[in-house]
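Encoded as structure tokens, the structure appears first; notes follow it.
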Amino acid sequence: MTGFQNVVAAGLVAGAQIVTVSVGGLLLVGVMRKVRSHLEGRVGPPIHQPLLDVRKLFTKQRMHPEQASWVFGAGPVVLVATAVVVAAISPLATTRPPLGRSADFFAIVFVLLLGSVSLALGALDTGTPFGGMGSSRAMTIGALAEPALLVAILAMSIPAHTSNLPVLVRMGLAHPEMIASPARILALGSFVVIILAESGRLPIDNPSTHLELTMIHEAMVLEYAGPDLGLVTLGESMRLTLLLGLLVNLLVPWGVADRPGAVSIVIGLGALAGKVALAGIAIATFEVFTAKLRLFRVPELLAGGFVLAVLGAVTALVVR
Amino acid sequence: MSNVSLVITAAAGSIAAIAGGALPAKTRVWAAVVLTWGSCIAALVGALAVLHTGQSSVLNSSQILPLTGVTMVLDPLGAVFVVVTAVVAIASTLYWLGYASHGLSTRTASAALPVFVTSMLLVPTAGSVATFLVLWELMALASLMLVLVDQRRREETRSAAQWYAVMTHVGAAAILFALVLLSAHAGDQTFAAIRVHAHHLPTAVRNTAFVLAVLGFGSKAGAVPLHVWLPKAHPEAPSPVSALMSGAMVNLGIYGIVLVGDRLLGGGPVWWWLMVTALGVVSALFGALHAATSTDLKRLLAYSTADNMGLVLIGVGASGMFAASGHRAIASIAMVAALLLTVNHAAFKGSLFLSAGSVQVATGTRDLDRLGGLMRRMPITGAVFMVGALSIAALPPFNGFVGEWLLFQSLLHGLPTSSTAVAIAVPVGVAALALTGGLTAVAFVKAIGVGFLGRPRSEEAAAAHEVPRTMQMGAGMLAGLCVVLGLVPVIVLPALGRAAASAVSGAPATTLSGSVDLHLAGLQGVLAPALLAAGLALATGAVIALRQLARRRFTPQPALRRAEPWGSGRELQTARMQYTATSFAEPLERVFDDVVRPDRDLDVSHVSESRYYVEKVTYWTSIGDVIEQNVYRPVISAVHWWGQRARALQNGSVHRYLAYGLVALVVILAVIT
Amino acid sequence: MTIRSVLQAMIHPHTATNDLGAPPAAAVGVRHTLGGSLQLRHVDAGSCNGCELEIASAFGPAYDAERFGARLVASPRHADALVVTGPVTKNMVGPLKKTFEAMPEPRMVIAVGDCARDCGVFKGGYGVAGAVADIVPVDVQVPGCPPRPEVIIQALRGLTGR
């Protein structure tokens with residue numbers, strides 16, 4: 001294939017991954033709400049309801065606080081942009097995503113962090129106490145989750161001698177015994193705790209609460225209306241899907257396309273959708289049976305995640 | 001050629017100092033600035049020549065300093081520090097042009113600032129012990145005079161200057177002992193001679209020299225627990241001076257440690273570097289935590305300097321550990337990471353301090369709890385501060401991200417092939433890196449969010465307006481560098497590679513390559529910062545287009561309506577209801593309560609008629625520095641106590657004093673014979 | 001609630017028209033704009049909480065208004081329609097107006113209950129400022145004291161069209 005064909009192919013793969021993550025992310029949220037509803041004894045909204053919600057939000061009026069600066073409007077845009085970039089370069093459907101050579105795990109984590117920071121800054125720009133409260137709590141939890149996250153990445157990177165994500169997934173496909181290694185299992189256990197913290201699910205944050213003083217993520221978006229809110233909803237669902245997608249591809253990589261070709265990529269996307277849906281159902285089921293943790297108990301949970309990650313790193317060094 | 005540039009640097013600096021001291025008020029600042037620029041540019045040219053060719057230049061002169069002569073050696077490692085200092089100095093002096101009317105136009109200041117800049121430019125070029133110490137002392141004295149500029153107006157400035165003076169001289173004493181010890185055993189005081197004799201020195205001498213050097217230079221770099229002068233002196237100094245101190249002077253502490261440890265002593269046992277790494281980890285965590293809980297903008301930046309220097313020390317320590325275990329290639333990469341972190345820090349911290357100075361000039365306060373809403377009133381300063389803050393939080397697409405990535409990669413790849421001690425140290429280092437990254441993000445979201453966004457929390461903030469052009473340009477220049485270094489770090493990497501090779505003996509010369517990507521030689525680690533940034537820009541454009549496109553389905557209304565923020569329907573919403581810096585950091589403060597140990601006081605006064613009704617509640621909280629309170633104050637009290645007791649010796653009787661003289665003379669004669 | 005019943009519910013989903021019939025006719029323009037998604041913000045302007053209980057029941061497992069695309073949200077900025085209960089007391093006039101102003105266009109107000117319609121049993125009370133329509137423009141009125149959950153749901157279905 002010529003250089004131009006390569007670029008077009010890469011663009012198509014990126015586009016396919018982005019579209020799957022955006023639309024699929026909203027569907028994932030719908031599936032999770034459906035599971036919750038059924039477990040609560042209700043029928044619940046249809047699975048495509050979040051798509052309808054976002055579509056309607058884009059047709060509504062945008063509202064900005066009088067004294068806000070450009071940062072308020074930029075928050076949701078950067079949130080979604082970072083999610084789009086990560087969706088394009090992550091090994092979700094294929095082990096050779098575009099720009100895969102620089103899809104470093106560390107880089108992806110920091111790009112996602114850019115998204116959270118921009119939303120936190122947008123919340124502070126509202127000039128309301130809710131915005132400050134939400135961003136303060138969200139940034140604190142993010143700060144405490146970061147050590148666990150980076151040490152988990154270290155634990156997964158040591159046996160593979162690289163922190164490049166596509167290589168990690170490829171090695172999981174080629175050497176299944178690496179997945180069952182205690183280092184990776186412990187690291188992925190820690191990763192699950194971090195996903196719950198970063199995407200604002202129970203027991204750290206209740207995504208459907210109406211009580212402002214119990215909100216963490218929701219408090220940051222109370223002021224957004226119309227397309228801004230649509231972008232925030234989209235961005236948050238994309239982040240959840242991306243994190244779950246990385247988790248499932250590191251844990252259960254079968255189905256990810258290893259060779260180039262439209263058919264294998266479509267199969268890869270389908271496998272991703274299935275695996276992420278299962279992960280989402282598991283989280284939704286877990287949420288129904290869990291109560292929200294008090295805010296000042298959350299650091300203890302994150303410290304538990306950190307301990308798991310450190311154990312994983314130590315195991316990775318000892319068992320070589 | 002570099003010899004000529006060094007001479008020009010020194011000459012231009014001296015003339016600038018004289019001009020600043022002698023000329024009348026209208027012209028002295030301009031003259032000093034222009035001549036200082038000349039000095040910086042000369043140094044820059046010479047250093048770039050050295051970095052380009054990779055060869056050092058030597059300059060000897062026995063005329064300038066009696067007894068010892070002056071030796072100047074510009075090698076790639078020193079050249080990196082010269083370039084950093086020169087660039088920060090150019091930006092800070094440009095800023096000084098606009099800032100001068102705020103108290104920095106006196107004769108003393110105008111003379112001291114060029115001296116400060118020139119001595120900092122020449123310290124990395126010192127090739128002998130005497131030259132080094134003279135320049136070091138000049139730098140310390142000049143900066144002390146500059147810190148004292150505001151001392152008539154503020155009591156805290158005098159106290160800060162006292163702490164700074166004592167600590168920098170205690171550090172200088174430690175450095176003096178270390179270098180004199182080495183030169184005494186080597187027989188000659190030039191660095192080249194010490195290098196040659198280094199391997200023949202007894203282990204006890206090498207260890208003592210290194211430990212003393214780490215203590216002395218570590219104190220200058222702001223390593224915890226020797227950092228207590230940093231959060232006092234940097235905020236009290238005028239802003240261009242703070243930028244120079246944080247952006248250029250603390251780097252020289254790092255230079256000193258690398259100089260003594262690697263260049264003079266040629267590397268050492270693993271425990272040396274373990275000590276440096278431990279110092280780095282403690283500094284990084286302590287500095288980041290205090291930055292996150294600080295409400296004074298410049299104090300926040302000062303603690304953040306201690307944090308970043310801790311990260312650099314982790315890199316230097318890791319490099320030394322890997323070199324001591326025999327893995328030179330990865331040691332070289334770790335050293336490049338440390339140098340890149342230093343360069344990045346100079347760029348973003350310099351820019352942040354200059355912007356903070358602009359805020360202080362525009363509003364008259366540095367207290368974050370009284371700022372807010374400045375992004376609309378000072379858009380350029382706000383944008384520049386934001387670039388600096390996002391860079392220091394290591395977020396793509398800026399330069400801090402590349403530096404942290406490189407450090408992480410060097411720690412990751414150095415792990416599997418190292419000894420047990422290293423294998424334990426590295427995950428601790430990574431965890432510390434991650435936690436400081438998170439805490440720094442909190443600190444700077446707080447600084448931007450509470451300082452610049454939202455609504456103004458005081459009259460002064462509401463009345464702020466943009467600062468003069470030169471101040472904007474000075475800060476903006478360094479912020480622009482942050483962007484450039486973030487997109488194309490390859491413009492500095494070959495130079496840093498050569499510098500690292502000269503520091504870590506036996507390492508291959510170029511370890512990083514690639515024009516757009518950042519490849520690591522011999523390892524699997526790739527990063528393409530420019531492509532990542534391009535992807536982000538493209539995605540941002542696409543998202544904005546999506547948002548605008550959706551408007552077409554809309555019935556005509558104002559598509560964007562500005563309204564008062566939603567406050568649960570309450571009738572009155574004031575700016576004081578917003579989160580302050582104190583409240584923003586409160587959850588973090590609670591988690592780290594044992595480390596931070598805030599002082600709290602709650603005073604409730606009741607209505608005179610009945611104890612059931614409260615008239616007023618006053619809550620007071622303050623976060624001091626635990627190390628200062630628990631380590632330094634007891635030492636100071638002990639010294640005071642000792643001084644009080646010693647006063648008993650001075651009772652005013654001349655007979656007793658004569659007797660002291662006689663006894664002393666007898667003792668000295670006995671000792672000599 | 002057994003696993004078997006959950007699986008049955010997922011395999012044979014209960015369609016809305018089974019028990020409540022087709023959605024009532026309403027302004028087609030509104031349905032077109034909303035497209036099956038209706039976010040509601042509830043404001044209690046001074047009610048006795050009887051209507052609140054019925055609304056809570058409407059969103060509960062027995063009547064389950066969420067399956068028609070309606071959802072309660074925390075902020076008026078996120079809402080398409082206000083659900084207002086109770087007569088508007090003097091202290092709630094300002095907050096109700098602010099809540100209405102805080103909603104982005106296009107916006108609606110649904111007045112639930114007889115008190116919201118014409119002050120009901122509290123007409124002429126010293127603390128009552130007026131009916132909801134006297135303070136903010138009302139688009140949908142749901143009569144009843146309190147209205148049954150099915151009636152509330154029919155009103156919502158008229159807006160979502162599902």
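Throughout, a chain's letter reflects where its sequence line sits, starting with A, and its residues are numbered from 1.
Residues A/Q67 and B/R455 have side chains that never bring a donor and an acceptor to within less than 3.5 angstrom of each other.
A heavy-atom distance below 4.5 Å is found between the side chains of A/L114 and B/L536. Here the side chains of A/S163 and B/Q409 are in contact, with some heavy-atom distance below 4.5 Å.
Heavy-atom distances place the side chain of A/V71, and not its backbone, under 4.5 Å from chain B. Neither the backbone nor the side chain of B/F398 comes within contact range of chain A; no heavy atoms are under 4.5 Å apart. Interface remark: B/R576 contributes no atoms to any contact with chain A (heavy atom separation under 4.5 Å). Only the side chain of A/L99 comes within contact range of chain B, with heavy atoms under 4.5 Å apart. Neither the backbone nor the side chain of A/E300 comes within contact range of chain B; no heavy atom of the residue lies under 4.5 Å from a heavy atom of that chain. If you measure heavy-atom distances from B/V591 to chain A, the contacts under 4.5 Å come from the side chain alone. For B/S583, the part lying under 4.5 angstrom from a heavy atom of chain A is the backbone only. Contact of A/T126 with chain B is made through the backbone alone, with heavy-atom distances under 4.5 Å. In this structure, the portions of B/A394 lying under 4.5 Å from any heavy atom of chain A include both its backbone and its side chain. In this structure, the portion of A/I89 lying under 4.5 Å from any heavy atom of chain B is its side chain and not its backbone. Contact of A/L231 with chain B is made through the side chain alone, with heavy-atom distances under 4.5 Å. Only the side chain of A/F130 comes within less than 4.5 Å of a heavy atom of chain B; its backbone N, CA, C and O stay farther away. Both the backbone and the side chain of B/F584 come within less than 4.5 Å of a heavy atom in chain A. Interface remark: B/L538 contributes no atoms to any contact with chain A (heavy atom separation under 4.5 Å). For A/V84, the part sitting under 4.5 Å from any heavy atom of chain B is the side chain, from C-beta outward, and nothing else. Both the backbone and the side chain of A/S135 come within contact range of chain B, each with at least one heavy atom under 4.5 Å from a heavy atom of that chain. Proximity to chain B (any heavy atom under 4.5 Å) is shown, for A/F72, by neither the backbone nor the side chain. With a 4.5 Å cut-off on non-hydrogen atoms, A/E223 touches chain B through its side chain but not through its backbone.
Nearest heavy-atom pair, A/A81 versus B/V543, reported as atom, atom and distance to 0.1 Å: N-CG2, 4.1 Å. The shortest heavy-atom contact between B/I544 and A/V77 is CG1-CG1, 3.7 Å. Pairing each heavy atom of A/W70 with each of B/M386, the nearest pair is CH2-SD, 3.5 Å. Nearest heavy atom pair, residue A/L317 against residue B/P427, reads CD1-CG, 4.0 Å. In terms of heavy-atom proximity, A/G73 sits nearest to B/R547 at O-NH1, 3.7 Å. When all heavy atoms of A/P129 and B/M577 are compared, the pair lying nearest together is CB-O, 3.3 Å.
In terms of non-hydrogen atom pairs under 4.5 Å with chain A, the most contact-rich of B/P565, B/G449, B/G567 is B/P565. The most heavy-atom pairs under 4.5 Å with chain B, out of A/V151, A/V111, A/V78, come from A/V111. For chain B, the option among A/V117, A/D228, A/L234, A/L121 with the highest count of heavy-atom pairs below 4.5 Å is A/L121. Each of A/A143, A/G142, A/P159, A/P147 has some count of heavy-atom pairs under 4.5 Å with chain B, and the biggest count is that of A/P147.
Separation of atoms OG1 (A/T128) and CZ (B/R570) is listed at 8.5 Å; rounding is to 0.5 Å. Between atom CG of residue B/L411 and atom OG of residue A/S157 there is a gap of 12.0 Å, rounded to the nearest 0.5 Å. A distance of 11.5 Å separates CG in B/L412 from CG in A/L150, rounded to the nearest 0.5 Å. Distance check: B/L588 CG to A/R137 CZ gives 14.0 Å after rounding to the nearest 0.5 Å. Between the CG atom of A/D104 and the CH2 atom of B/W405 there is a distance of 6.0 Å, given to the nearest 0.5 Å. The structure places CD of B/E586 at 8.0 Å from OG of A/S136, a figure rounded to the nearest 0.5 Å.
A donor-acceptor distance shorter than 3.5 angstrom exists from the side chain of A/D125 to the backbone of B/G454, with no hydrogens or angles considered. Side chain of B/R562 to backbone of A/E66: a donor-acceptor contact under 3.5 angstrom is found.
Annotation: cation-pi pair B/R590/A/F296 present, NZ/CZ under 6.0 Å from the ring centroid and within 45° of its normal.
Using cut-offs of 30° and 60° for the angle between ring planes, the A/F110 and B/F401 rings count as tilted.
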Practice prompt. Go through the steps to decide whether A/H64 and B/L560 satisfy the test side-chain contact (heavy atoms from CB on, under 4.5 Å), and finish with yes or no.
Written response: CA-CA 7 Å; A/H64 281 203; B/L560 171 62; 3.5 Å; yes
